[in-house]
Amino acid sequence: ALPFKQLSRSEMCPRTQIIHWLQEICYDKNNIVVIFSDRHCNYVDQVFDAVLMEQENFWVAAESGYWLMTNKKHRSELFKVKDKHWMATIKQIMASYCENIDGAIVYENSCTVMWNYKNAEEEHGCKFANELATHLQHLIGRHSPLEIVHGNGFIEVLPRKLNKKAVFKNILANLQSYLNHQIESF
């Protein structure tokens, strides 16, 4: 077994000072803060202070933009993914790679599956990550509606339509709607 460092929840969360700065920015109602996170909605709820999550002008695009949380009470799906059957197969394959790498873990969100090896020994993790990416690419094929993202310490499989450009277009459309509502209320 290779050694790895398990990070505590506090090591993976924004520092108290950052939360404080975000609160200060949000106190000015002329500002709108949008946080983009690949983490699950429930995790985001826990990480960000309740005061922030209650702010009308603090938004979070969670799970790589699948969900838009415009406050703690309102979540909307930015994308509709009808067929999620592929997720179980991908998760099972990724889990089998975890058996060979200490420190690797599989995360499943609403429409993405991620194999994270940031806590694994670097050379070993990279070798198996390349193997996994090749294995997944052969499985899903080139013209699949799924995309494989090989990032720094992770491999993620997600629908092609869930990309940053589409997410930001949706956020801007929601922002326009929000601003129109604010103007009408004024």
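Atom set for the values below is all heavy atoms of this structure, side chains included, hydrogens, waters and symmetry mates excluded.
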Phe58 ring center within less than 6.0 Å of Phe48 ring center: yes
Within a 6.0 Å radius of atom [atom1] on [X], are there more than 12 heavy atoms belonging to other residues, nucleotides or ligands?
| X | atom1 | answer |
| --- | --- | --- |
| Lys29 | NZ | yes |
| Gln92 | CD | no |
| Glu24 | CD | yes |

Chi angles and distances behind the side chain to side chain contact (heavy atoms under 4.5 Å, CB included) call for His40, Tyr107: CA-CA 9 Å; His40 194 275; Tyr107 295 105; over 6 Å; no
Check [X] against [Y] and note the closest heavy-atom contact, atom names and distance.
| X | Y | value |
| --- | --- | --- |
| Arg160 | Arg142 | NH2-O, 3.4 Å |
| Pro159 | Cys111 | CD-O, 3.1 Å |
| Val44 | Arg39 | CG2-O, 4.1 Å |
| Leu146 | Trp86 | CD2-CE2, 3.5 Å |
| Ile155 | Met94 | O-CE, 3.7 Å |
| Cys41 | Ala62 | SG-CB, 3.9 Å |

Close side-chain approach of Asn119 and Ile105, heavy atoms under 4.5 Å: no
Close side-chain approach of Leu158 to Met114, heavy-atom, < 4.5 Å: no
Lys127/Glu123 salt bridge by N-O under 4.0 Å criterion: no
Tell me whether [X] contacts the main-chain N or O of [Y] through its side chain, where contact means a donor paired with an acceptor under 3.5 Å.
| X | Y | value |
| --- | --- | --- |
| Glu63 | Asn109 | no |
| Gln55 | Asn57 | no |
| Lys84 | Ser110 | yes |
| His124 | Asn100 | yes |
| Glu121 | Gly125 | no |

Do [X] and [Y] belong to the same hydrophobic cluster, where Ile, Leu, Val, Met, Phe, Trp and Tyr are linked whenever their side-chain heavy atoms lie under 4.5 Å apart, directly or via other members?
| X | Y | answer |
| --- | --- | --- |
| Leu22 | Tyr43 | yes |
| Val113 | Phe154 | no |
| Tyr66 | Trp59 | yes |
| Met87 | Val149 | no |

Aromatic ring pairing Phe168/Phe36, orientation class (parallel under 30°, perpendicular over 60°, tilted between): parallel
Calculate, to the nearest 0.5 Å, the distance between atoms [atom1] and [atom2] belonging to [X] and [Y] respectively.
| X | Y | atom1 | atom2 | value |
| --- | --- | --- | --- | --- |
| Gln137 | Glu147 | CD | CD | 9.5 Å |
| Asn174 | Leu179 | CG | CG | 11.0 Å |
| Cys26 | Met53 | SG | CE | 10.5 Å |
| Ser37 | Met69 | OG | CE | 9.0 Å |
| Leu172 | Lys169 | CG | NZ | 10.0 Å |
| Ile101 | Phe128 | CD1 | CZ | 5.0 Å |

Among Val106, Val157, Leu136, the one residue meeting side chain to side chain contact (heavy atoms under 4.5 Å, CB included) with Trp115: Val106
Member of Thr89, Ile148, Thr134 meeting the side chain to side chain contact (heavy atoms under 4.5 Å, CB included) criterion with Leu139: Thr89
Worked verdict on Trp67 versus Val60 for side chain to side chain contact (heavy atoms under 4.5 Å, CB included): CA-CA 8 Å; Trp67 292 100; Val60 178; over 6 Å; no
Intermediate values then yes/no, side chain to side chain contact (heavy atoms under 4.5 Å, CB included), Tyr117 and Leu132: CA-CA 12 Å; Tyr117 62 98; Leu132 174 59; over 6 Å; no
Ile171/Val34 under side chain to side chain contact (heavy atoms under 4.5 Å, CB included): CA gap, chis, key distance, verdict: CA-CA 9 Å; Ile171 289 172; Val34 181; 4.0 Å; yes
Glu184-Asn180 side chain donor-acceptor pair, cut-off 3.5 Å: no
